[in-house]
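The structure under discussion appears below in the form of structure tokens.
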2 protein chains.
Amino acid sequence: VMGMLLTIRDWGCRFASKAAPKTQVEFEYDGPSMKTEVPGPRSKELAKQLGEMQNVGAINFFCNYEESRGNYLVDVDGNRMLDVYTQISSIPIGYSHPSLMKVLSNPNNMSAFVNRPALGILPPENFPEKLAESLLSVSPSGMSRAQTMACGSCSNENAFKSMFIWYRNKERGHNNPSEEDIRSCMINQSPGCPNLSILSFMGGFHGRTMGCLATTHSKAIHKLDVPSFDWPIAPFPKLKYPLEEFTRENAQEEARCLEEVEDLIVQWRQKGRPVAGIIIEPIQAEGGDNHASPDFFRKLRNIAHKHGCAFHVDEVQTGCGATGKFWAHEHWGMEDPADIVSFSKKMLTGGFYHKDEFQPYRIFNTWMGDPSKNLLLAEVLNVIRRENLLEEVSRSGKALLQGLYQLQAQYPNLLSSARGVGTFCAVDIRDEATRNSILIKARDKGVLLGGCGDRSIRFRPALVFKEYHVHIFLNVFNDVLAEYN
Amino acid sequence: VMGMLLTIRDWGCRFASKAAPKTQVEFEYDGPSMKTEVPGPRSKELAKQLGEMQNVGAINFFCNYEESRGNYLVDVDGNRMLDVYTQISSIPIGYSHPSLMKVLSNPNNMSAFVNRPALGILPPENFPEKLAESLLSVSPSGMSRAQTMACGSCSNENAFKSMFIWYRNKERGHNNPSEEDIRSCMINQSPGCPNLSILSFMGGFHGRTMGCLATTHSKAIHKLDVPSFDWPIAPFPKLKYPLEEFTRENAQEEARCLEEVEDLIVQWRQKGRPVAGIIIEPIQAEGGDNHASPDFFRKLRNIAHKHGCAFHVDEVQTGCGATGKFWAHEHWGMEDPADIVSFSKKMLTGGFYHKDEFQPYRIFNTWMGDPSKNLLLAEVLNVIRRENLLEEVSRSGKALLQGLYQLQAQYPNLLSSARGVGTFCAVDIRDEATRNSILIKARDKGVLLGGCGDRSIRFRPALVFKEYHVHIFLNVFNDVLAEYN
């Protein structure tokens, strides 16, 4: 297969592309179209304006979202880019999807956007129905309860609190705090504010508020200068690719990490900071698209059970279909995959699912999410079902990974460790500088990509990214890589 | 004055009400209208449905937001209530305001609701303009920069981070972290994760995520079972009412608290946990509507300066006009009131203003707020200006406080310490049980109120709460109180 592909390339051929269905093309655009360098003059002018009011250090360019459609993001200088990064993986079904536009143009929905309630005390009439249609219709196995929140960090923060409360109630043997608990918690002291901990993994990312940040270990710049908690941090497996060549080494690596997890749980219990919960991503995303086997996660789940720790799966980036299953943890094939599953990004609302015994009866804030996001989410889920998008993602994902394997074979000094599930794929570049330069060159040719970890490129298209989009991407990527050979 | 009012009451008279302007009444309703007990049968049915999916322990009733208008909240059983609590103080200009409905029905705005960007990297074209029209048009004195966030807790969490980063850069004398900083922060250890602290006040409320929660001390139930930080907590002045009778005592009380603040700053510096910032509400809201004098805040601001601590004013509940000035800290009459001012609730978006030297160049997350909220906020601010709502609030607030003084004189065994600025008013009830029972009885008569602290009622109407609404409220409240005499 490799040889044949090399031959094709030698002939100057490109990745073939099936024609897109007509309706799709009519709504969308037929390909990237670049008019200026990026950022162009209009973007630069706006960045100058914004710079008077905000830090603009991270701004890439300004967008014309009105003109953006499907997989194509249009900027304010008229450049149209195939978006394989989708607002840090947060656009579920592409830009300006007609079904979502309809939700907005329906006068019956206006009130939901204008009258934002304090959801925990005064929910709107249709809230149970919309919750059932949206979040509850995609509940992870074993979980029939969901709490919405405004963003991913708030979701994880509140999930942590649920786990701490659950753990303390277990320790107490009942739900009634003592007078000393009540007195001491008011001044941040134990036993009211107990010395409990959350075990996390090196390379993990769970948000940037102070509780979350104590479990985030992807980049120093996120954590630097912020006070933290003395919580245990376990190694996440570093798998070697291609997987089939390193079966034994990878199994050993996973066993080593699991052993370390158990050691840390024991150590932290001994030093008076018991592990109330374990948090992990099914695929470490910000940390470099680090994968582990389903077997690793099943064993980790068992370790949590064995030591009485809650098991929190953070699906903020992996959730909502990008792996070809709705939740990435479904690939583990477990009936009882987790106690808590948190989400945000493509789900449009933050929040977390939980098992019955994690009743978050003390989890509360003013907004508790935003029902207008549930309205949009319900429609996103309709589209996913109607358009069979999970199947499409599996199909596109295969084409994408196959293409990456081919390019990796063509450019062995440039690319390595192509990996992924569904379209949730990544590839390593020889070094960070080259990776960053590839990202820029791809953008100049009309393809938006994102980096992760030290030197990886992550692919995070919307769920409407079809095989023909894969081919458009691969052709551009091939052209970019050719410049480095 | 008191005598005359008692006489009026003896005659069975009620608080007079000027007629409302015609257009106002046509849009709004002409008064409360109760059909069932609250929660009514439909609310109970929906609570049962929702109970299958979520904890419903805090749910009051379900609402028909489509039918809710201006100051009136309509529930699913057709009960129409004058809302003097407004979704925990988060509705700025009443329900279904025609100007906000217009924002929603304008097709040019649809994209902002459907295509939520990662604002920190790919803002929409109109973002600088909308930011200038909305947040920047009401910048606190000395601050020309604002960062949006998804909610109040995230705003405070990220403001804390800005203060820590600022403090560490000051300590280092430059912005370049050492190798040791970078290495140690990845494992939650100092010096990378430094032992810095935020000084907060007993009775304060700043949110419920883990960083915020370490500065929240209003109710034990918020904090119980959640690990915290060893940060200093100062007493907030407990003023005696009526203020004019306790001038000397209150001045002494404020001096005592300020002295304690300085002591704590010195103590925490000595024990190796320097105070990077001080956070305070201009009026402690959740904690019981606790006020302090402008003089107290001016002196506290100076203490922060003197000890090199950042000064963070949390205006999440006090901001956006309810005190008759746009920001409550304006009542202090200072040109340099704060280094950071955070907001949320009535501002519709979370976020914080900051001085130039608090450049949050490492403050980042996926959404960084929500531009659709800025769109709505820009229109809210237009309405506030067009309808002179700050003046209205001052006028209504005077009538409200005057009415509370009168009722307090009528029911001296029931009410005490009537207090407030603008419509941001409160009154103490003789005990918690009576307070809670008054809240229920008022609701049964069509007035929604909220409690705060141990035994206070807080008044948090929207900015469109006019004098005639005050009179409707006072009449109902009078009737309720009469039942306790």
Side-chain angles (χ1 to χ4, degrees), chain A residues 46 49-50 53 55 57-58 60 62-66 76 87-88 90 95 100-101 104 110-111 113-115 117-118 120-125 128 131 136 145 150-151 157 161 164-165 168 177 182 185-186 188 192-193 196 208-211 214 217 220 223-228 359 361 365-366, chain B residues 46 49-50 53 55 57-58 60 62-66 76 87-88 90 95 100-101 104 110-111 113-115 117-118 120-125 128 131 136 150-151 157 161 164-165 168 177 182 185-186 188 192-193 196 208-211 214 217 220 223-228 359-361 365-366:
Chain A
L46 289 165
Q49 283 175 32
L50 187 59
M53 304 178 258
N55 186 283
N60 292 355
F62 285 77
C63 302
N64 183 339
Y65 287 104
E66 290 73 16
V76 292
Q87 313 290 327
I88 320 180
S90 68
Y95 296 102
L100 296 183
M101 298 302 262
L104 254 292
M110 279 171 62
S111 166
F113 291 89
V114 164
N115 299 314
I121 58 173
L122 297 165
E125 181 159 22
L131 201 61
L136 272 293
R145 305 182 78 80
C151 70
E157 290 273 342
K161 286 169 61 179
F164 289 131
I165 293 168
R168 282 290 288 146
I182 288 172
C185 80
M186 290 298 282
N188 297 12
C193 294
L196 296 176
R208 295 170 162 214
T209 49
M210 290 183 70
H217 317 278
K223 293 176 70 71
L224 190 72
D225 299 341
V226 184
S228 194
Q359 278 304 341
Y361 64 105
N365 59 46
T366 299
Chain B
L46 288 166
Q49 283 176 32
L50 187 58
M53 304 178 257
N55 186 284
N60 293 354
F62 285 76
C63 303
N64 183 339
Y65 287 104
E66 290 73 17
V76 291
Q87 313 290 329
I88 321 179
S90 68
Y95 297 102
L100 296 183
M101 298 302 263
L104 253 292
M110 280 171 61
S111 165
F113 291 88
V114 164
N115 299 313
I121 57 172
L122 296 166
E125 180 159 24
L131 201 61
L136 272 293
C151 70
E157 289 275 343
K161 287 169 60 180
F164 289 131
I165 293 168
R168 282 291 287 146
I182 288 172
C185 80
M186 290 298 282
N188 297 12
C193 294
L196 295 176
R208 294 169 161 214
T209 49
M210 292 185 70
H217 317 279
K223 292 176 69 71
L224 191 70
D225 299 341
V226 184
S228 195
Q359 279 302 343
Y361 63 104
N365 58 47
T366 298

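Proteins get letters first, then strands, A, B, ... in listed order; numbering begins at 1 in each.
The side chain to side chain contact (heavy atoms under 4.5 Å, CB included) test applied to A:Ala214 returns A:Ser228, A:Phe229, A:Trp231, B:Asn188, not counting sequence neighbours. Partners of B:Val76 by side chain to side chain contact (heavy atoms under 4.5 Å, CB included), not counting sequence neighbours, listed by chain and number: A:Glu125, B:Arg42, B:Ser43, B:Leu46, B:Phe62.
Only the side chain of A:Leu136 comes within contact range of chain B, judged by heavy atoms closer than 4.5 Å. Of the atoms belonging to A:Arg168, it is side-chain heavy atoms, and not backbone ones, that fall under 4.5 Å from chain B. Residue contact with chain A, scored on non-hydrogen atoms closer than 4.5 Å, involves the side chain of B:Ser90 exclusively.
Counting heavy-atom pairs under 4.5 Å between each of A:Met186, A:Met101, A:Glu157 and chain B puts A:Met186 at the top. Residue with the most contacts toward chain B among A:Cys193, A:Pro124, A:Ala118, A:Pro123: A:Pro123 (heavy-atom pairs, distance under 4.5 Å). Ranked by heavy-atom pairs under 4.5 Å with chain B, the first of A:Cys151, A:Gly57, A:Ala58, A:Pro177 is A:Ala58. The candidate with the highest count of non-hydrogen atom pairs below 4.5 Å against chain B, out of A:Thr209, A:Leu196, A:Asn365, A:Leu100, is A:Thr209. With respect to chain A, the highest number of heavy-atom pairs below 4.5 Å among B:Asn115, B:Leu131, B:Ile165, B:Leu50 belongs to B:Asn115. Contact count versus chain B (heavy atoms, under 4.5 Å) is highest, among A:Ile121, A:Thr366, A:Asn60, for A:Ile121. Residue with the most contacts toward chain B among A:His217, A:Gln49, A:Arg208: A:Arg208 (heavy-atom pairs, distance under 4.5 Å). Comparing B:Val226, B:Ile88, B:Leu122, B:Ile182 by heavy-atom pairs within less than 4.5 Å of chain A, the highest count is held by B:Leu122.
Within the 4.5 Å cutoff, the side chain of A:Val114 has no heavy atoms near those of the B:Tyr65 side chain. Between A:Leu104 and B:Leu104, some side-chain heavy-atom pair lies under the 4.5 Å cut-off.
Without hydrogens or angle criteria, B:Gln87 side chain to A:Pro117 main chain gives no donor-acceptor distance under 3.5 Å.
Counting all heavy atoms, side chain and backbone alike, A:Ser111 lies closest to B:Glu66 at OG-N, 3.5 Å.
For the atom pair CG of A:Asp225 and SG of B:Cys185, the computed distance is 8.0 Å after rounding to the nearest 0.5 Å.
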